[in-house]
Amino acid sequence: MSTSGLSTQPARGMRDFLPEDVRRREHVVAVIRRVYERHGFEPLETPAVENIETLLGKYGEEGNKLIFKILKRGEQEASGQADLALRYDLTVPLARVVAAYQAKLPKFFKRYQIQPVWRADRPARGRFREFYQCDIDALGSTSPVVDVEVLSAVSEVLTELGFTDFAVRLNHRVLLTAMLESAGVAPEQHGEALVALDKLDKIGAEGVAGEFGARGISAAAFERLQKVFDAPEANLRSLLAGHTAGTSALDELAIIMGLAESTAAAGRIRLDPSLARGLSYYTGAIMEIQVPDLAGSLGGGGRYDNLVGMFLGRDVPACGFSLGLERILVVMGEREMFPKGLDAAAAEVLVTIWNEDARADALALAGDLRHAGLRVDIYPDADKIGKQLKYASSRQVPVVAVIGDEERASGKVSLKDLRSGAQQTVPRAEAADAAGRILKA
RNA sequence: GUGGGCGUAGUUCAGUGGCAGAACGCCUGACUGUGGCUCAGGAGGUCGCGGGUUCGAUACCCGUCGCCCACCCCA
């Protein structure tokens, strides 16, 4: 509440990040970027705003509704029409970029992109209207090596951040369709059936059977599918017997899982026929990372071999994965997984100001200490020295430098270690070295 | 979109149909060359917003906006 009556809250679903928040975010982003680069992915950035036609029709019906649209401006504003939109994910802009710069880009283009996206969703735990996605995508190859590389990179990120209990759920769009066909679900009911199947781990088999019934899908179909969910490895092949596309999709997943054993994703992947994923552009393998204490996922991805084709007119195979920064932060925060150094003080040394005449001296000393590589703050006013020390203490700055009348007369600086209370007076030229020694002690 | 909970000081929250409270934080002083501890004092509120009931509403009723939790969906 402000005195003016104006709300000080950020817009719904948006957040301010205070220094402590930013440090945490940057810590996680640094790990992600390092691992992505280690896997040979190159950085890319695209505009926050896209032409609206670029985004429409890429995310499915639900996705379309959640796009933040931007009204036409000026005289056109009254028309209520939108011609621009905030980007909804990083994958569709990537597809546009690949189509636009195909001549410049390498045959196999691997890029990472860490930028905010916007969705007009209802905010909830770990869900915001502005959030960062940390994407990797590899374009130009249909090889399962690509799918495995992507899984390896994100698994390595999570491992490096300290996650020990994440699991990768793996499925395949073609396999899903094949399963429904083999089970006897009519093609026009596939969408409904997938929504119900996706809830299996939440509402159980009876629940899904009920949903099937409510949507007019035969009970016999669900019975055939249920065996598969109970024991996918044992029963999938027999369900798919004679279904060529389904069988080869299953073979593809088996290859991915086999190859992944040689990477950081080893032991993490679980074939999960109930995984559906909402975005409509996926065509092949789909995957999602889960952790026990979060209802949603830490990230998701998959193969989308014809999204680029929507821009280019010629398909370019692609596979990618998106880690959700805020999901990772929510879980790391609750589990207290952040390293201790992150809440370090903003400065290592606070230079005090004795009186108005000493301001230039203080600034010069701060400059010297900074040139020596120290993080140095300077108190802005010639307040009582006790107040300046109190400020340093409250900000957890470990060392305070004082040039009082006595120090100035003798060309010296007093350095006080606030942790121990010890104080020493050294020649001005040795101040940086002495401060460094105190900090290391 | 569905169900539930909550909006009171900078923060976390008490509270009552009749003068607006605590803790922490903040400011000042005790302590005019030294922080933490202690003590004394002080500032800070249209009780989310709008309407209704009432002699009187921060409290009761209705609406609205915002936040939180669960579901749905997603990263």
Side-chain angles (χ1 to χ4, degrees), chain A residues 1-15 18 32 59-63 65-66 87-91 114-135 154 194-196 198-199 202-203 207 211 275-280 286-291 294-302 320-331 350 352-355 358 379 382-409 414-423 425:
Chain A
M1 282 128 291
S2 63
T3 315
S4 70
L6 274 176
S7 172
T8 56
Q9 277 182 338
R12 182 175 169 79
M14 311 279 172
R15 293 156 302 155
L18 296 183
I32 292 172
Y59 304 110
E61 210 174 309
E62 284 295 310
K65 287 186 207 154
L66 299 180
R87 73 173 160 241
Y88 181 88
D89 73 352
L90 302 177
T91 308
I114 301 171
Q115 287 193 279
V117 303
W118 293 268
R119 295 185 186 178
D121 221 339
R122 183 169 170 172
R125 177 173 123 99
R127 185 167 72 195
F128 308 95
R129 293 181 140 190
E130 176 182 61
F131 62 97
Y132 273 67
Q133 293 198 321
C134 310
D135 278 34
V154 295
L194 286 180
V195 170
D198 199 41
K199 298 181 193 168
K202 279 171 197 146
I203 61 179
E211 295 253 338
L275 176 68
R277 291 194 59 71
L279 299 178
S280 61
I286 49 182
M287 42 247 195
E288 204 165 280
I289 290 187
Q290 278 198 328
V291 96
L294 191 74
S297 64
L298 291 185
F321 200 98
S322 178
L323 284 175
L325 179 60
E326 2 288 306
R327 297 284 167 84
I328 291 173
L329 286 162
V330 162
V331 176
L350 178 81
T352 57
I353 294 197
W354 190 251
N355 55 38
Y379 197 89
D383 276 341
K384 287 202 308 196
I385 200 70
K387 203 169 165 183
Q388 302 191 46
L389 278 162
K390 186 173 177 159
Y391 179 75
S393 183
S394 73
R395 303 271 355 215
Q396 303 183 6
V397 177
V399 177
V400 172
V402 179
I403 308 181
D405 292 335
E406 290 169 22
E407 286 88 351
R408 192 135 64 120
S414 288
L415 297 171
K416 176 159 186 167
D417 182 347
L418 291 189
R419 295 164 303 187
S420 67
Q423 183 166 327
T425 301

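Lettering of chains follows the sequences in order, A, B, ..., and the numbering in each one begins at 1.
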Determine the minimum heavy-atom distance between A:Arg327 and A:Leu294, stating which atoms define it. CD-CD2, 3.6 Å
Check the distance between B:C73's P and A:Lys65's NZ and give it to me in whole angstrom. 13 Å
Should we say atom OH of A:Tyr88 is surrounded by more than 12 heavy atoms from elsewhere, each under 6.0 Å from it? yes
Roughly how many Å apart are B:A30 and B:G35, using the C1' atom of each and rounding to a whole number? 16 Å
Decide yes or no, distance alone: a donor-acceptor N/O pair under 3.5 angstrom between the base of B:U34 and the side-chain of A:Gln388. no
Integer-rounded Å distance: B:C68 C1' and A:Arg122 CZ: 11 Å
note: A:Asp135, atom CG; B:A75, atom P; distance rounded to Å ~ 10 Å
Of A:Tyr88 and A:Val402, the one whose closest nucleotide on RNA chain B sits nearer the 5' end is A:Val402
Work out how far the C1' atom of B:U53 is from that of B:U58, and round it to whole angstrom. 16 Å
What distance, rounded to whole Å, do you find between the two P atoms, one in B:U16 and one in B:C60? 10 Å
To check you understand the geometry: which heavy-atom pair defines the closest contact between A:Leu325 and A:Cys134, and what is its length? CB-SG, 4.1 Å
Any donor-acceptor pair, under 3.5 Å, between the side chain of A:Glu407 and the base of B:G33, if you only look at N and O atoms? yes
Length of the line joining A:Ile385:CD1 and B:U34:C1', which is rounded to integer Å: 7 Å
Listed partners of A:Asp383 passing side-chain hydrogen bond (donor to acceptor under 3.5 Å, both in side chains), at least two apart: A:Tyr379
State the syn/anti category of B:C62 according to its glycosidic angle, syn meaning within 90° of 0. anti
Rounded to whole Å, please give me the gap between CG in A:Leu66 and C1' in B:C74. 9 Å
Qualifying residues under side-chain hydrogen bond (donor to acceptor under 3.5 Å, both in side chains), relative to A:Tyr391, sequence neighbours excluded: none
Which heavy atom of A:Glu130 sits nearest a heavy atom of A:Pro116, and at what distance? CG-CB, 4.2 Å
When the C1' atoms of B:C67 and B:U8 are compared, how many Å lie between them, rounded to an integer? 15 Å
Is the base of B:A75 stacked against the aromatic ring of A:Phe131, taking ring centres under 5.5 Å apart and planes under 30° as the test? yes
Would you indicate what A:Asp89 reaches in the nucleic acid, counting non-hydrogen atoms under 4.0 angstrom: base, sugar-phosphate, or nothing? nothing
Roughly how far apart, to the nearest Å, are B:G10 and B:C69 at atom C1'? 26 Å
Base of B:C74 paired with side chain of A:Arg327 (donor-acceptor, under 3.5 Å): yes
Name the closest nucleotide to the A:Lys390 side chain, picking from B:U34, B:G35, B:A75. B:G35
Looking only at heavy atoms, the pair that brings A:Gly421 and A:Lys416 closest together is O-CE, 3.7 Å
Distance check: side-chain N/O of A:Lys387 vs OP1/OP2 of B:U28, anything under 4.0 Å? yes
A:Leu275 has an atom CG; how far is it from atom C1' of B:C73, in whole Å? 14 Å
Which value, in whole Å, describes the distance between the P atoms of nucleotides B:G45 and B:U54? 33 Å
So which nucleotide from B:G33, B:A70, B:G35 ends up closest to the side chain of A:Arg125? B:A70
When you get a sec, tell me which of B:A75, B:C69, B:G33 is the closest nucleotide to the side chain of A:Ser414? B:G33
If one requires at least 3 consecutive Watson-Crick or G-U pairs with distances under 3.5 Å, the stems of RNA chain B turn out to be B:1-7 with B:65-71, B:10-13 with B:21-24, B:26-30 with B:38-42, B:48-52 with B:60-64
Looking at A:Ser393 and A:Leu418, what are the two nearest heavy atoms and their distance? N-CD1, 3.8 Å
Could you tell me whether the side chain of A:Lys384 has a donor or acceptor atom within less than 3.5 Å of a complementary atom in the base of B:U32? no
Nucleotide B:A75, atom P - distance to CZ of A:Phe321 in whole Å: 9 Å
Under 4.0 angstrom, heavy atoms only, what part of the nucleic acid is A:Gly63 near: base, sugar-phosphate, or nothing? nothing
May I ask you to say what A:Phe128 touches in the nucleic acid, namely base, sugar-phosphate or nothing, with a heavy-atom cut-off under 4.0 Å? base
So what does A:Gly296 touch, heavy atoms closer than 4.0 Å: a base, only the sugar-phosphate, or nothing? base
Tell me the interatomic distance from A:Leu18, atom CG, to B:G25, atom C1', rounded to whole angstroms. 16 Å
With C1' as the reference atom in both, quote the distance from B:C24 to B:C19 in angstrom, rounded to an integer. 26 Å
Answer yes or no: does atom CZ of A:Arg395 have more than 12 heavy-atom neighbours from other residues, nucleotides or ligands under 6.0 Å? no
Contact class for A:Leu298 (heavy atom, under 4.0 Å): base, sugar-phosphate, or nothing? sugar-phosphate
Classify the nucleic acid contact of A:Arg119 as base, sugar-phosphate or nothing, counting any heavy atom under 4.0 Å across all strands shown. base
Taking everything shown except A:Gln396 itself, do over 12 heavy atoms lie less than 6.0 Å from its CD? no
Of the candidates B:U34, B:C72, B:G33, the side chain of A:Arg127 sits closest to B:C72
Measuring to OP1 and OP2 of B:C67, would you say a side-chain N or O of A:Arg12 lies under 4.0 angstrom away? yes
Can you tell me how far C1' in B:G56 sits from the matching atom in B:G18, rounded to whole Å? 7 Å
